[in-house]
Amino acid sequence: MMGYRGFQPLIWVVSVLCFVCFSCCQFNPSDNYLIDCGSLTDTTVGDRVFVADNSASKLLSTPQNVIVNASKSVSSSNDSLLYQTARIFTGSSKYTFSINRSGRHWIRLYFYPFVSGKYNMRDASFSVSTQNHVLLSNFIVNSIVVKEFSVNVTSDKLDITFAPSKNSFAFLNALEVISVPDQLITDDASTISTSGKFQSLVWQALETVHRVNMGGPKITFENDTLWRTWVPDGSFLVQKNLAKTVSNIPAVTYVPGGATKEIAPATVYGTATKMNSDGDPNSNFNVTWEFDVDPGFQYLVRFHFCDIVSTSLNQLYFNVYVDSWLAVRDLDLSTYLVNTLAAAYYIDLVTVQVASSKLRISVGPSTVHNNYPDAILNGLEIMKMNNSLGSLSGMVPDSTNSSSKTNVGMIVGVSVGASVAVLLAGILFMFCRKRRRLANQGLSKTWIPLSTNGGNSHTMASKYSNGTTASVNSNLGYRFPFVAVQEATNNFDESWAIGIGGFGKVYKGVLNDGTKVAVKRGNPRSQQGLAEFQTEIEMLSQFRHRHLVSLIGYCDEKNEMILIYEYMENGTLKSHLYGSGLPSLSWKQRLEICIGAARGLHYLHTGYAKAVIHRDVKSANILLDENLMAKVADFGLSKTGPEIDQTHVSTAVKGSFGYLDPEYFRRQQLTEKSDVYSFGVVLFEVLCARPVIDPTLPREMVNLAEWAMKWQKKGQLDQIIDPTLVGKIRPDSLRKFGETAEKCLADFGVDRPSMGDVLWNLEYALQLQEAVLQGDPDENSTNLIGELSPQINNFSQVDATVTAARSDVSMVDDLSGVSMSRVFSQLVKSEGR
């Protein structure tokens, strides 16, 4: 008999053949409802038949039966027959579909705003919802449009409700409800902010916002196994001259572990848009597309790749960007799919909550190998994800003139949500009232434990969250007993102290399971107290990001206020720049640290519906792990940003001297751009490796930001860089870095870039540095920043002072122990940190 090993090749061949056969089969949906609304006869479109509206009348409950006809033919396209008629809904109306197999279903709604009698469809305003999701809200149709949604149906029926806005009506030309293949949407998506898996994607309602065929023509539903339409990418390209198209459809291969024809047809994978490098091996740019999106939502972005440009394996390496995020680094398609060229492959990424109405997608060359610079993209899908209210429109449908038959599920959902909101508001009111009463009794300066029941869990309700339960079983920070903290820190052994700040001392600790932690113990005499303690917990229990320091737990027993964080092996960025005797950081390391910190701040500014403003950005609050990866820390002064209809938050000035936004100081109006200013100071601090305020220096050099800006504006920033970097920075990298810092320090916030733009520019500065250093080592000695030029001779005494100051700067720590000059004395107040 043949042994098991002898069967292995045969088994593999059979598996591949089965896969190929499966891929070639047309998907046969369990549920397939196609309705031509308003039509009296069935309508054939391609190989599909949309049944007449009267045949589907048993599916519809409506207070009034109104069907209308277009006065003239819409167009000559194959699907135009669906737009010749429409159904009008004068009151809340509902389609109810029996579901044969639970799972994800497509809902496609066809709209064409024609005029028929007294009904002008452009005047219609309405909402569309299912039992669990709002699909459209106060929707107005101005042109022919197909809205495509996919929802996970878990019951044996699906209700789709059309609810006219007040004094208006709704309409629909055609409707599809179709089962979606199980493998089309899975839980394999990653988040671009953390590179971890996005949980429970299969339960998200999705709206297809863009479906694009890169480098190829329009693909109609007739040429797609799932009846999708793919549009060309030309209108989305930002700089068309940087891109070129390629096509090799016969080369496309579907292999196990990759995409299937249901994921996308070969006509998508067989065409691509790529870098137009024109034979230049030194090309270094990105091909970028820009798409309109609705802000305030997260998006599932599906990238379709197929290497139809390479002639052999491992020729093509490139990076993929979503907005300012480096989403995929050094992508090599041939390594993913059993070393096969031209194999169809896709990657799913989930964005942070988008703050802009534009979403940028880019591909660009990798510098990991000395391959010819190239990057491709074959196809792209951008799908909006429902928000926390289960809505894809951001709003609850407007009140209508409908009868009591309005969607019961929607009413229940909204009512329950409102009740919960009222309950939470009541809890918050009682908490605030209790705080006020204690303050009136003269106890406002007493440290009050956050939890008073002595239990193992604690619930916080704040303006940042609707009640966050922190418990031992939670994935958030949880409450530690004081005795456990004592044990972890060897009873707060002073030899274990690793730092001190405005809140109190920080100790190194080790938990029972061996986990290293940093324990910040509040000082009762500190001006930072309960408010900062609560803010830190509330902020960090919400956020999880690879560039934000994670909160592990807290302790509020025995009038203590203790915060427990992940341990950052390499301490603060500040300690690596000056005053500690640590080895100097390379320029690449400094750029990567700045990029990491910028990512963390960008996430704070854009990751939620309202921006979170850190308010204390400085090098001492940027921590480095064992790999020198940067993480932003210390959220005790953080504030949520302005409401949608406001431009700023009015608040007392707090922050660290030398990093403080002058506009914020003058006007006491806080915006995200205050963090941008502070980060600009950090950038110059990183470049020059000196304190931001040093009273021991000559007057013109005391304030780093002012001094560096003078040299930047003269175009001579290379004269004041850290001496350890001389001869090691590429000029165009320094130029981009200096321009970025200069823009951050603009006098007025409106003139400063967003953190996303700052991040983008820093990534570019790193690319400029690495492009030559890795591509042509011979240029390192001739094209890098040279020794200090003779122009600096007039400042020889100043440079000597700088050198001397660098050797003894440990005594300068922001405001601690610094005798400030009269110029700054009026700013040094006990209210500010």
Could you go through the side chain to side chain contact (heavy atoms under 4.5 Å, CB included) check for Thr229 and Glu148 one step at a time?
-> CA-CA 10 Å; Thr229 297; Glu148 181 184 276; over 6 Å; no
Rounded to the nearest 0.5 Å, the CG atom of Leu82 sits from the CZ atom of Phe50 at a distance of 5.0 Å
Flag, side chain of Gln204 to backbone of Asn386, donor-acceptor distance under 3.5 Å | yes
Residue of the set Asn223, Asp224, Thr220 for which side chain to side chain donor-acceptor pair (under 3.5 Å) holds with Trp230 | Asp224
May I ask you to decide if Lys157's main-chain N or O and Gln131's side chain share a donor-acceptor pair within less than 3.5 Å?
-> yes
Hey, can you tell me if Phe126 and Phe162 have their rings parallel, tilted or perpendicular (30° and 60° cut-offs)?
-> tilted
Expected output: side-chain Ser93 to main-chain Gly91 donor-acceptor under 3.5 Å | yes
Heavy atoms of Ile263 and Arg228 approach each other most closely as O-NH1, 3.2 Å
Determine whether His133 and Phe149 make a side-chain contact, defined as any pair of heavy atoms from C-beta on separated by less than 4.5 Å.
-> no
Do the side-chain N and O atoms of Ser165 and Ser125 include a donor-acceptor pair separated by under 3.5 angstrom?
-> yes
Between CD1 of Ile88 and OG1 of Thr62, what distance do you get to the nearest 0.5 Å?
-> 10.5 Å
Check the pair Asp53 / Thr85 against side chain to side chain contact (heavy atoms under 4.5 Å, CB included), numbers first and verdict last.
-> CA-CA 10 Å; Asp53 199 45; Thr85 60; over 6 Å; no
Find out whether Tyr345 and Asn378 are in side-chain contact, i.e. whether some heavy atom of one side chain is under 4.5 Å from a heavy atom of the other.
-> no
With no hydrogens and no angle check, do the side chains of Thr271 and Asn213 hold a donor and an acceptor under 3.5 Å apart?
-> yes
Report the relative orientation of the aromatic rings in Phe291 and His210; use parallel for angles under 30°, tilted for 30 to 60°, perpendicular for over 60°.
-> tilted
Does the side chain of Ser754 come under 3.5 Å of the side chain of Asp757 through a donor N or O and an acceptor N or O?
-> yes
Using the ring of each side chain (for Trp, its six-membered ring), is His545 parallel, tilted or perpendicular to Trp325, with breaks at 30° and 60°?
-> tilted
Does the side chain of Arg546 reach to within under 4.5 Å of the side chain of Thr191, using non-hydrogen atoms?
-> no
With a 4.5 Å limit on heavy-atom distance, are the side chains of Leu34 and Val51 in contact?
-> no
Any side-chain heavy-atom pair from Ser116 and Phe171 closer than 4.5 angstrom?
-> no
From Trp106 atom CH2 to Asp31 atom CG, the distance as rounded to the nearest 0.5 Å = 14.0 Å
Sub-4.5 Å side-chain heavy-atom contact between Val177 and Tyr95 = no
When rounded to the nearest 0.5 angstrom, what distance separates CZ in Arg48 from CD in Glu222?
-> 10.0 Å
Is there a side chain to side chain contact (heavy atoms under 4.5 Å, CB included) between Ile35 and Leu59 once you walk through the steps?
-> CA-CA 10 Å; Ile35 303 173; Leu59 303 174; 4.0 Å; yes
In terms of heavy-atom contacts, Ile178 and Arg108 come closest through CD1-NH1, 3.8 Å
Should Ile67 and Leu40 count as side-chain neighbours, where that means a heavy-atom distance under 4.5 Å?
-> yes
Do the rings of Phe305 and Phe303 sit parallel, tilted or perpendicular, given the 30° and 60° boundaries?
-> parallel
What's the spacing between Arg302 CZ and Ile382 CD1 if we round to 0.5 Å?
-> 13.0 Å
With side chain to side chain contact (heavy atoms under 4.5 Å, CB included) as the test, would you mind laying out the steps for Lys274 and Val287 before giving the verdict?
-> CA-CA 7 Å; Lys274 66 185 291 289; Val287 179; over 6 Å; no
Hey, does the side chain of Tyr269 reach the backbone of Ile308 with a donor-acceptor pair shorter than 3.5 angstrom?
-> no
Is there a side-chain contact between Thr161 and Phe89, using heavy atoms and a 4.5 Å cut-off?
-> no
Ring centres of Phe111 and Phe139 under 6.0 Å apart?
-> yes
Using atom types as modelled and distance alone, determine if a side-chain donor or acceptor of His602 lies under 3.5 Å from a backbone N or O of Gly756.
-> yes
No-hydrogen, no-angle side-chain donor-acceptor test under 3.5 Å, Glu176 and Tyr110 | yes
Output the distance between atom CG (Asn286) and atom CD1 (Ile361), rounded to the nearest 0.5 Å.
-> 12.0 Å
Side-chain donor or acceptor of Asp307 paired with backbone N/O of Leu333 under 3.5 Å | no
Among residues two or more places apart or on two chains, list those pairs meeting salt bridge (charged side-chain N to carboxylate O under 4.0 Å, His left out) that have a residue in residues 118-147.
-> Lys147-Glu207
Pair Arg360-Thr288, side-chain donor/acceptor within less than 3.5 Å = no
